[in-house]
S.K.: 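So that we are looking at the same thing, I have put the structure below in structure tokens.
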2 protein chains.
Amino acid sequence: MVQLRMIEAPTRKGSDTRERLLATAEMAVLAKGFASTSIEELIAEVGITKSGFFYHFKDKTELARALMERYMIHDREVLDELFRRGDELNDDPLHGFLVGLRLFAEMMGQLPEAHPGCLAASFCYQDQLFDQQIRDLNAEALLVWRRRFRARFDQISERYPPRHKVDLDALSDMASTLVEGGLILGRALKDVTILPRQILLYRDLVRFTFQP
Amino acid sequence: MVQLRMIEAPTRKGSDTRERLLATAEMAVLAKGFASTSIEELIAEVGITKSGFFYHFKDKTELARALMERYMIHDREVLDELFRRGDELNDDPLHGFLVGLRLFAEMMGQLPEAHPGCLAASFCYQDQLFDQQIRDLNAEALLVWRRRFRARFDQISERYPPRHKVDLDALSDMASTLVEGGLILGRALKDVTILPRQILLYRDLVRFTFQP
DNA sequence: GGAGGACTGCACTCGTGGTACAGTTGCGTA
DNA sequence: TACGCAACTGTACCACGAGTGCAGTCCTCC
């Protein structure tokens, strides 16, 4: 997936047109939805012609797929950051994770104005517009979160056996659930504090669950 | 808001055309988004002409507003049900609430196939299509949840003072956050068990927070 | 029997996605 | 220095769906 960008990056005099199209499109899609994002507005913003657009994407569907792939790469970086920064401050899997969650909450609170939102959610509520391949990418983007959190909870469970029976898959999914839901509430209520506060509550739940 | 339906209900030979348009539109909007829901498909499904549609709604924006109003009425009924059924089985505010959450989880799990989704979330990710009035309705729909849950947590706190400092507004928002996020995950992963399991985890968090 | 609610029928305009394809520009390489 | 190719531009075109406007019809209740 990363290689995709390696193929087009070193060509010619840079040519970041494709990237600029994708960045512009992502903003527009999160604000109005995919269907209402017109090719005309994208090319006007980026400063190319319609033919230029269809040079980069054979049709609008391919734009959607490229958006999703780009989003997944970025998403993965955010996840890596979450786990890495906590762990480098703390060797213990539980406490490193708790530190990571706190940093994650801070990060989500420091975004400029209302967070733009999540492409996966946007696509999910318009999934009939897309083909199965894109829906699969969307599902995969969420499964990545589940697997990452689940692996961590398994690790934590070894050192800190949970005091009660816990649905660890649900606890793993709760992270993305709260992010998706928190972004929606944050946007609708124009309150950037909602998402970080949800994450801190999640942190409490994780602590209650594992800490002796 | 309820009166709106009283005005049109008793006229003529029933005439449920408007309601059928709204029901059809809601399904379509949740599947494809508002912009991609064509008036043509709605009238084809309901069996009227385009003129008939514009007799009921002066334009598409008014359809959006009517959808939102209809959704809020239904939403409120769901909320009432959640609190009422728990309380009629149990006088204690905490335990009544915990019972209500369990019933709510069961209700969400027994929906036919994948849950259709939430209009508020769909509209939120397409909010630039709508005017301020509709965005305000959308925010209000979410605030209703916050107020209802917050009032209940205040009530519970009196009898069961929380053991740690808790962000009660965040805990209240967590309900709608988990529902919104859970619907997204449930849809994207085609797994109806996700949402009920999130609600049960929420129930655990509430129990841990208040129960001595 | 007439008023009005609930439509139908028709004839438009306009914006946008999408197609097709020929032409242009400028950098890297042989 | 000529060639090739990436990265576009320009033009012309089609189909479809939102939305407008308005005259006409049918049925029911008073």
S.K.: What is the distance, to the nearest angstrom, from the CG atom on A/D16 to the P atom on D/dA6?
M.R.: 18 Å
S.K.: Would you kindly compare B/E41 and A/I48 by the position of their nearest DNA chain D nucleotide and give the one closer to the 5′ end?
M.R.: A/I48
S.K.: Take atom CZ of B/F54 and atom P of C/dG9, then tell me their distance rounded to the nearest Å.
M.R.: 17 Å
S.K.: Can you confirm whether or not the ring centre of A/Y71 sits under 6.0 Å from the ring centre of A/F123?
M.R.: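 No, ring centres 6.0 Å or more apart.
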S.K.: Over how many whole Å does the gap from A/E40 atom CD to C/dG18 atom P extend?
M.R.: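 Spelled out: CD on A/E40 to P on C/dG18 is 12 Å.
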S.K.: Once you round to the nearest 0.5 Å, how far does CZ of A/R70 lie from CG of A/D75?
M.R.: 12.0 Å
S.K.: Whole-Å distance between D/dA7 C1' and A/L21 CG?
M.R.: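 These atoms are roughly 12 Å apart.
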S.K.: Classify the nucleic acid contact of A/T37 as base, sugar-phosphate or nothing, counting any heavy atom under 4.0 Å across all strands shown.
M.R.: sugar-phosphate
S.K.: Figure out the CD/P separation between B/E62 and D/dA18, and round it to whole Å.
M.R.: 17 Å
S.K.: Run the salt-bridge test on B/D80 and B/R84 with the 4.0 Å N-O cut-off and return the result as yes or no.
M.R.: no
S.K.: Would you kindly give the CD1-to-C1' distance between B/I43 and C/dG9, to the nearest whole Å?
M.R.: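 Rounding to the nearest Å, CD1 of B/I43 and C1' of C/dG9 are 12 Å apart.
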S.K.: Given C/dC7, is OP1 or OP2 found less than 4.0 Å from the side-chain N or O atoms of B/Y55?
M.R.: no
S.K.: Within the pair A/H56 and D/dC8, is there a side-chain N or O less than 4.0 Å away from OP1 or OP2?
M.R.: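 For D/dC8, OP1 or OP2 has a side-chain N or O of A/H56 closer than 4.0 Å.
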S.K.: Nearest heavy-atom pair of A/I43 and A/K50: which atoms, and what distance?
M.R.: CD1-N, 3.5 Å
S.K.: To the nearest Å, give me how far apart CZ (B/F53) and P (C/dA6) are.
M.R.: 16 Å
S.K.: Below 3.5 Å, does any donor atom in the side chain of B/S38 face an acceptor in the base of D/dG17, or the other way round?
M.R.: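 Checked by distance alone, the answer is no.
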S.K.: So, B/Y125 versus A/F34, ring centres under 6.0 angstrom or not?
M.R.: no
S.K.: Give a yes/no on whether any side-chain N or O of A/T49 is located under 4.0 angstrom from OP1 or OP2 of D/dC8.
M.R.: no
S.K.: Closer to the 5' end of DNA chain C via nearest nucleotide, is it A/S51 or A/I39?
M.R.: A/I39
S.K.: Does any donor-acceptor pair link the side chain of A/K50 with the base of D/dG10 at a separation under 3.5 Å?
M.R.: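 No such pair is found, so the answer is no.
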S.K.: Roughly how many Å is it from CG in A/D59 to P in C/dT19, rounded to a whole number?
M.R.: 6 Å
